[in-house]
Amino acid sequence: MLVKTASTMVDSSIISFCRFFFGVLVLGIYLLMKDGKIEFRYRMKWLWFGAAGKSANYIFENVALMIGYSYGNILVQPVQTVVLLLAGSFVFKEKVTRAGWISAALCVVGVIVVGWNGVPLDKLLGSSGLTTVLFTLAGIGAAVHVMSQRMLVKTMDNGNMNFSVFLIATLMVSIPIPFQSEGFTGVSTAGAWLALVCLGVITGLSFFWFAEAMKRVPFAVVAIVGNSSVLFSILWAYIFFRDPITSYIIIGTLIFVAGFLLLNFSGPRKKTAKQEDSVEAAV
């Protein structure tokens with residue numbers, strides 16, 4: 001919702017930059033208030049992998065949201081889930097259960113149904129197909145970010161890890177702005193500025209707060225609440241922008257939500273001390 005609102009004033013490059021810039025600013029203030037210091041690191045390769053992945057996530061997602069419907073980023077999460085399962089199996093040599101592969105299949109089917117949305121093939125290969133590809137690339141970037149956090153959380157605390165990744169990402173997305181950004185493309189409004197700042201707050205604090213919340217609630221609550229964002233995306237898209245919500249969107253969403261829930265509830269319950277390691281997969 002916030003990206004769609006901000007896009008009435010600035011282009012996607014500025015939105016990507018502001019998501020990280022304000023996020024780093026807010027997270028830095030929070031860490032100073034909480035711990036009295038900030039530990040910025042940059043010599044670890046997974047910091048750069050994570051920053052590159054999250055940058056790609058926001059860049060492709062913002063472009064797709066500007067040209068497509070506001071609920072379109074519901075595709076990011078199932079793509080991320082599938083990529084993480086594949087990476088766990090082939091890169092990290094982790095065992096994926098039968099339920100895991102069924103979950104991945106449900107996610108893929110759900111994405112296909114949502115991406116198709118019942119449109120004719122010629123239209124599907126046009127703008128509809130383009131937004132689906134962009135959201136798929138955004139999901140891959142998000143998965144790379146998750147993998148980096150799973151590696152970094154072993155040696156860094158949650159707050160400084162996110163601060164370091166997001167600061168590097170800020171620098172990454174700022175490089176092309178002087179060469180390709182159109183800057184302000186619409187009328188400057190208080191609502192659009194507020195949307196940019198709120199996007200930063202979400203980027204800076206949501207991952208950190210979600211990790212803290214996981215320590216305090218049952219795993220079942222984490223699974224349901226963490227995956228409920230796709231339902232709110234559809235609901236708010238209709239309420240605020242009157243985006244058309246077809247039966248294909250609803251059916252596809254229910255299919256990959258079923259995949260999420262199967263994946264979360266079929267595996268063994270992790271002890272509280274280990275829950276933080278998997279926070280970003282739920283986010």
Within the 4.5 Å heavy-atom criterion, are [X] and [Y] side-chain neighbours or not?
X: Arg19; Y: Phe166; answer: no
X: Thr136; Y: Val133; answer: no
X: Met44; Y: Met156; answer: yes
X: Pro244; Y: Tyr238; answer: no
X: Tyr42; Y: Ser164; answer: no
X: Phe256; Y: Val109; answer: no
X: Thr253; Y: Leu231; answer: yes
X: Leu85; Y: Leu263; answer: yes

Interatomic distance, [X] atom [atom1] to [Y] atom [atom2] [nearest 0.5 angstrom]:
X: Asn160; Y: Asp35; atom1: CG; atom2: CG; value: 7.0 Å
X: Glu182; Y: Ile14; atom1: CD; atom2: CD1; value: 10.5 Å
X: Ile168; Y: Arg41; atom1: CD1; atom2: CZ; value: 12.0 Å
X: Ile59; Y: Ser16; atom1: CD1; atom2: OG; value: 5.0 Å
X: Met161; Y: Thr155; atom1: CE; atom2: OG1; value: 9.0 Å
X: Leu65; Y: Ser7; atom1: CG; atom2: OG; value: 8.0 Å

Give a yes or no on whether [X] atom [atom1] has more than 12 heavy-atom contacts from other residues, nucleotides or ligands under 6.0 Å away.
X: Tyr69; atom1: OH; value: no
X: Phe241; atom1: CZ; value: yes
X: Phe40; atom1: CZ; value: yes
X: Tyr30; atom1: OH; value: yes

**Message:** Whether the side chain of Thr8 engages the backbone of Thr5 through a donor-acceptor N/O pair (distance < 3.5 Å, no angle test) should be reported.
**Reply:**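 Indeed, once roles are kept as given, a pair shorter than 3.5 Å links the two residues.
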
**Asked** Checking Ser12 side chain against Val63 main chain: does a donor-acceptor pair fall under 3.5 Å?
**Response**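 No: the side chain of Ser12 does not pair with the backbone of Val63.
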
Any idea which heavy atoms bring [X] and [Y] closest together, and the distance?
X: Gly204; Y: Leu27; answer: O-CD1, 3.2 Å
X: Leu84; Y: Ala143; answer: CD2-O, 3.5 Å
X: Ala169; Y: Ser55; answer: CB-OG, 3.4 Å
X: Leu167; Y: Val24; answer: N-CG2, 3.4 Å
X: Asn117; Y: Tyr71; answer: ND2-OH, 4.2 Å
X: Ile175; Y: Leu171; answer: CG1-O, 3.2 Å

Using the rule that two of Ile, Leu, Val, Met, Phe, Trp, Tyr join whenever any of their side-chain heavy atoms come within less than 4.5 Å, decide whether [X] and [Y] are in one cluster.
X: Leu194; Y: Ile202; result: no
X: Leu235; Y: Ile74; result: no
X: Val108; Y: Phe90; result: yes
X: Phe240; Y: Ile245; result: no
X: Leu199; Y: Trp236; result: no

**Asked** Sequence neighbours excluded, which residues qualify as ring-ring contact (aromatic ring centres under 6.0 Å, His included) partners of Phe49?
**Response**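 For Phe49, the residues satisfying ring-ring contact (aromatic ring centres under 6.0 Å, His included) (neighbours in sequence not counted) are Trp46.
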
**Asked** Residues two or more places apart in sequence or in another chain: which of them pass ring-ring contact (aromatic ring centres under 6.0 Å, His included) with Phe21?
**Response**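 Checked Phe21 against ring-ring contact (aromatic ring centres under 6.0 Å, His included); matches are Phe17.
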
**Request:** Kindly determine whether Tyr58 and Thr203 satisfy side chain to side chain donor-acceptor pair (under 3.5 Å), including the steps that lead there.
**Result:** CA-CA 10 Å; Tyr58 280 171; Thr203 298; 3.1 Å; yes

**Request:** Would you sort out whether His145 and Val165 count as a side-chain contact (heavy atoms from CB on, under 4.5 Å), showing the intermediate values?
**Result:** CA-CA 9 Å; His145 176 236; Val165 169; 4.1 Å; yes

**Item:** side chain to side chain donor-acceptor pair (under 3.5 Å) between Thr185 and Asp11, intermediate numbers included
**Value:** CA-CA 6 Å; Thr185 56; Asp11 65 7; over 6 Å; no

**Geometric class of the Trp116/Tyr248 ring pair [parallel <30°, tilted 30-60°, perpendicular >60°]** =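 Rings of Tyr248 and Trp116: perpendicular, over 60°.
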
**Prompt:** Would you call the rings of Phe184 and Trp193 parallel, tilted or perpendicular, where under 30° means parallel and over 60° means perpendicular?
**Reply:**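 Because their plane-to-plane angle lies in the 30° to 60° range, the rings of Phe184 and Trp193 count as tilted.
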
**Message:** Would Ile112 and Thr132 count as a side-chain contact (heavy atoms from CB on, under 4.5 Å) here? Give the steps.
**Reply:** CA-CA 9 Å; Ile112 292 175; Thr132 300; over 6 Å; no

**Request:** Let me see the working for Val230 and Gln77 under side-chain contact (heavy atoms from CB on, under 4.5 Å), right down to the final yes or no.
**Result:** CA-CA 8 Å; Val230 296; Gln77 195 167 351; 3.9 Å; yes

**Message:** Just by distance, no angles: are the side chains of Asn162 and Gln149 close enough, under 3.5 Å, to form a donor-acceptor pair?
**Reply:**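 A pair is found: one side chain offers a donor N or O, the other an acceptor, under 3.5 Å apart.
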
**For Lys34, salt bridge (charged side-chain N to carboxylate O under 4.0 Å, His left out) partners two or more places apart** =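 If we apply the salt bridge (charged side-chain N to carboxylate O under 4.0 Å, His left out) test to Lys34, skipping adjacent residues, there are no hits.
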
**Asked** Run the side-chain contact (heavy atoms from CB on, under 4.5 Å) check on Ser89 and Trp101 step by step: do they pass?
**Response** CA-CA 10 Å; Ser89 177; Trp101 291 118; 3.9 Å; yes

**Message:** Please determine whether a side-chain nitrogen of the Lys or Arg among Lys54 and Glu61 lies less than 4.0 Å from a carboxylate oxygen of the Asp or Glu.
**Reply:**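 Judged by the 4.0 Å cut-off on N to carboxylate O distance, Lys54 and Glu61 do not form a salt bridge.
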
